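Nothing here was measured: the structure is a model prediction, and the numbers come from that model.
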Amino acid sequence: MSSGITDDVMPVSAELSRRLAEALRGVSSLRLSEYRTSTLLRHLKARMRRLELASPEDYVERLVADREECVALVHDLLESTTVFFRDPEAYAGLARTLPHLLLAAPVPHIWVPACAAGEDVYSIAMLVAEAQLGSEIPADFFVLGTDIDLDLLLEAQRGGFGSISAALVPAHLREAYLEFDDGECRVSRSLMSFCSFALHDVLTSPAIQAFDLVDCRNLLGSLQLHAQRRAVEQFAAALRPGGLLLVGRNDVMNAHHDLFERSALANGLFVRRELLPSMSQADTLPYTSYREALEVSATLGAVLDEHGHLLEVNPTLLTFLGSQLDWSGRNAEALLAAGEWTRLLRALGQSARAEMDLHLLIGDHAAPARVSLSRWQTAQGPRLIVEWRLEPEPGDPRPPGDFLHLVRTGLRIMGEGVIATDALGSIDLINPAAERLTGWSQAEALGLGHDSVLKFVSQGQAVAASPVWRCLRREGETLIREERQLLGRDGRRLRVRLTCARLVEDGVVLGALLLLQDITEQSLLVAELAYRSAHDSLTGLYNRGEFERRLSAALALAKSGEATHWLALIDIDQFKVINDTLGHYAGDELLRRLAPVLRSQLRSDDAVARLGGDEFGVLIRAGDATEARRIIDLLLDAVRGYRFAWDERSYSVTVSVGVAEVSAQSEDMARVFANADAACFAAKDAGRDRSRWVLHGDADIRQRHAEMSMVGRIGKALDEQQFLLFYEDVIPASGSTQVHYRELLVRMLDDDGTLVQPAAFIAAAERYYLMTALDRWVVDHACAGIARLPADGVIYAINVSGMSLSDDQFLAFVIGCIERYGVAPERICFEITETAAISHLSEAMSFINRLADLGCRFALDDFGVGMASFSYLKTLPVHFVKIDGSFVRTMHSSAVDRSMVEAINRLGHDMGLRTIAEHVEDAQTLCALGALGVDWVQGKAIAPGRPFNELLG
């Protein structure tokens, strides 16, 4: 019964989504809003097919009425679709990583969020236990699995391990750590003792920190971007410095490069970047950074030595004091009321920071302020930094036209974050949206300097200057618009678009107004799309478009004389064998695993890409060929040393490399690619597992270029009917001129109408897989022409390539032509070279037997120069043997060649076959062949080749 569901996008209305979420809310804390729509729809479709329901509405009705189906859907969404041993790359990568991990953490702590029924937890535990056993470390580790579904966690705690998953576990691990009883599989109790499970939402802060490894494979790719970001932030918080994060092959981490960087140990493995210290603890920042921030801050500040002498006064305080204080050589008591400096020092004591409500002296006036004092250790000795945040005078009413009245009544309803400061940069207003962005509540933020609440960080993790300072300074900008990364109080990093405006009334700067728009998800999406547009989805390397862009830039640099590059094209040897014997999934895995092997041998300014299929490109920046050769040799050695493990077997891998110089003499990008491509083909023909370089005067490479350029001309000739049939007569060697046999030959017309000889295009057609198309053209036009000629007993011979013999559609095409044109089969002979027949023996036998049944005849062409010659005559049911022209041409000057002609002729006659000598070019050779008893002859001495159309009239 058909469910009526297709793979097209399934429409789900907002109302239906709401009902779906309500139905699931009764059985789980799972939040559908966190999941990608594609992930959710994929699981919905699977459940609908299982229940044979045709529409989402019907399925939601089922969910509302059926609690068990709700539970089943939740489990489908939560359960991991693969375990370690079902993902060979992840298994191999973690196995390689664990020895390094154990060196840094002999008793590793590992977290598996979203662990579902626990199979990944136990899989990792097996690998860790085995790694510790191999390194003689006493078995001691901790693996925590967490999830939001209690039923799944209870199942995990029971130690069950699915039978399908168990079958994929390597035999030595299965025997050591799994137990089987009545068809059920369980994890051994000894292994279970190292594992623990707990309820936890991955988007909230973990209860335990300082993990050495977090495995979140198959999690991030199913989440919305904002949820992905929140989860990655929690993983960073949970890991110790230098801790590792393992993600799935489809999880894109480039949007989180500020938190994690790629590890060279394995694919999908990332290292936690060193996080910026908490911005709420200024005393953890280096003194120089804090002093520099104070220099541009709108907060009133000064630097003192340990005795209280003023060393520096920041511009804000200097402007505020005006001419009221000559601070040079003075101490802090000049800025504080009597006794207050002593009270402040006493409050500081041995601490790093102290705050008090004191007063700032401005001439005879004492302004109330919140004063903070911090102690710093520097190379010059202890330093004290004092900061004043002025407080309004008690009972001092605000003017009725004050801008904050408008801000408080009008801007609180805005969706953007809004923060207003006074003229000194202290926060006077922070709306709910800004509270969510910064992590500071209004009660906590009011009165603080804006730089305590707004922490902007640069790409390099350094503290970035606040735009508010630039607005508040009289000579600064009045309106600023830019994008920044905002560091929240809880460690979150958000991308915000900000607008900062100076607020002025009657020429007096009243403060600044800052609008913050959260564009994190938009930025993440842009980053992900940018990554995907430049990278290959299978290997993570650059894709062809990005590689060509980089090659074009390198070519421009080379032509300007700035740098020389080298382009290397890398092709995996015998890759088709892997695909055909192990399957295309194994082929994809080989490409994926080989990518880091290639990347590991390159420098940071070299580029590597997957160009398509099994072809890779490498762009090497090197001034001379010596350095480039060293890198190419390293690549070849690295691939030789790699073993592709699949289905408990190991396979060696080699590559062929073609290298071309990208220099000022290079014509264009297409020519550079063509040079490297030709060199790569030359490397394959030379035996594979080697490199070939395009050098000046390289005849082999020039020949490759000629063949490659011929490919387009062949295709054009096929499309525009620029091929012709010629024929050569075959007559008896006894001297009779009666024609018994004619060989049909293909010729190509050039654009100017001149004939292109076969040697110029046949090799290219064979090398670039165009020979079958050419054979089809010949068969079709030959049958059409033969059908128009009178039945005069002449046999017409058509050549067939080995490539066509191996094409399972070619035989049917030939039979179709014979039947369509009504040609008598006995008038046709197919010539097959000895090499092609033996190389494709089974296909040749099938082809010959089927057409021989119709009445066609067969000739074995170029006999004597193949791989086995005489022994195959007994196997191949042919009617004619054509003696190769290389023996015929020199038989009168070489006794060996004459003996070969004589032997082939005698053997052919002994087997009842007619013999035909090719390339008979003079009367002397013709007489010698007649004396040996050769049946028929062909060549220039008989008749030159002529257009077939002449026979047709």
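At a threshold of 4.5 Å between non-hydrogen side-chain atoms, the residues Leu199 and Asp147 do not count as touching. Two residues are said to be in side-chain contact when any heavy atoms from C-beta on lie closer than 4.5 Å; Phe270 and Leu246 fail this criterion. By the 4.5 Å heavy-atom criterion applied to side chains, Leu514 and Val418 are not counted as neighbours. Using a 4.5 Å heavy-atom threshold, the side chains of Asp357 and Val371 count as separate. Taking the side chain as every heavy atom from C-beta outward, Trp341 and Leu304 approach each other to under 4.5 Å. By the 4.5 Å heavy-atom criterion applied to side chains, Leu498 and Pro467 are counted as neighbours. For the pair Val509/Arg502, a side-chain contact is recorded, criterion being any heavy-atom separation below 4.5 Å from C-beta on.
Residues meeting the side chain to side chain contact (heavy atoms under 4.5 Å, CB included) test with Ala354, sequence neighbours left out: Ala347, Leu348. Partners of Gln517 according to the side chain to side chain contact (heavy atoms under 4.5 Å, CB included) rule, which considers only residues two or more places apart in sequence or in another chain, are Glu416, Arg497, Ile519. In terms of the side chain to side chain contact (heavy atoms under 4.5 Å, CB included) criterion, residue partners of Arg436 (sequence neighbours excluded) are, by chain and number, Pro432, Ala433.
Residues Ala512 and Val468 share a closest heavy-atom pair of CB-CG1, 4.1 Å. Contact detail for Thr520 and Arg493: the closest heavy-atom pair is CG2-O, 4.5 Å. Leu384 approaches Asp305 most closely through the heavy-atom pair CD1-O, 3.6 Å. Heavy-atom minimum distance, Glu355 versus Ser372: CG-CB, 3.5 Å. Across all their heavy atoms, Ser452 and Trp440 have their closest contact at O-CZ2, 3.5 Å. Pairing each heavy atom of Asp215 with each of Pro113, the nearest pair is O-CD, 3.3 Å.
His450 places a side-chain N or O within donor-acceptor distance of the main-chain N or O of Gly425, the cut-off being under 3.5 Å.
Within the model, atoms CG of Leu494 and CG of Leu486 stand 6.0 Å from one another, a figure rounded to the nearest 0.5 Å. Atom CD1 of Ile419 is separated from atom CD of Glu435 by 9.5 Å, given to the nearest 0.5 angstrom. How far CG of Leu479 is from SG of Cys500: 8.5 Å, rounded to the nearest 0.5 Å. Once rounded to the nearest 0.5 Å, the distance linking OG1 of Thr421 with CD1 of Ile430 reads 12.0 Å. With values rounded to the nearest 0.5 angstrom, Leu144 atom CG is found 8.0 Å from Cys115 atom SG. Interatomic distance, Trp469 CH2 to Asp451 CG, rounded to the nearest 0.5 Å: 5.0 Å.
Geometrically, Arg383 does not engage Trp376 in a cation-pi contact defined by less than 6.0 Å to the ring centre and at most 45° from the axis. Relative to the six-membered ring of Phe456, Arg484 meets both conditions, a distance below 6.0 Å and an angle of at most 45° to the axis.
The pair Arg375-Glu306 fails the salt-bridge criterion, with no side-chain N (NZ, NE, NH1 or NH2) lying under 4.0 Å from an Asp/Glu carboxylate O. For the pair Arg470 and Glu482, the salt-bridge criterion is met [side-chain N within less than 4.0 Å of a carboxylate O]. For Glu233 and Arg492, the salt-bridge test fails: no basic side-chain N is under 4.0 Å from an acidic carboxylate O.
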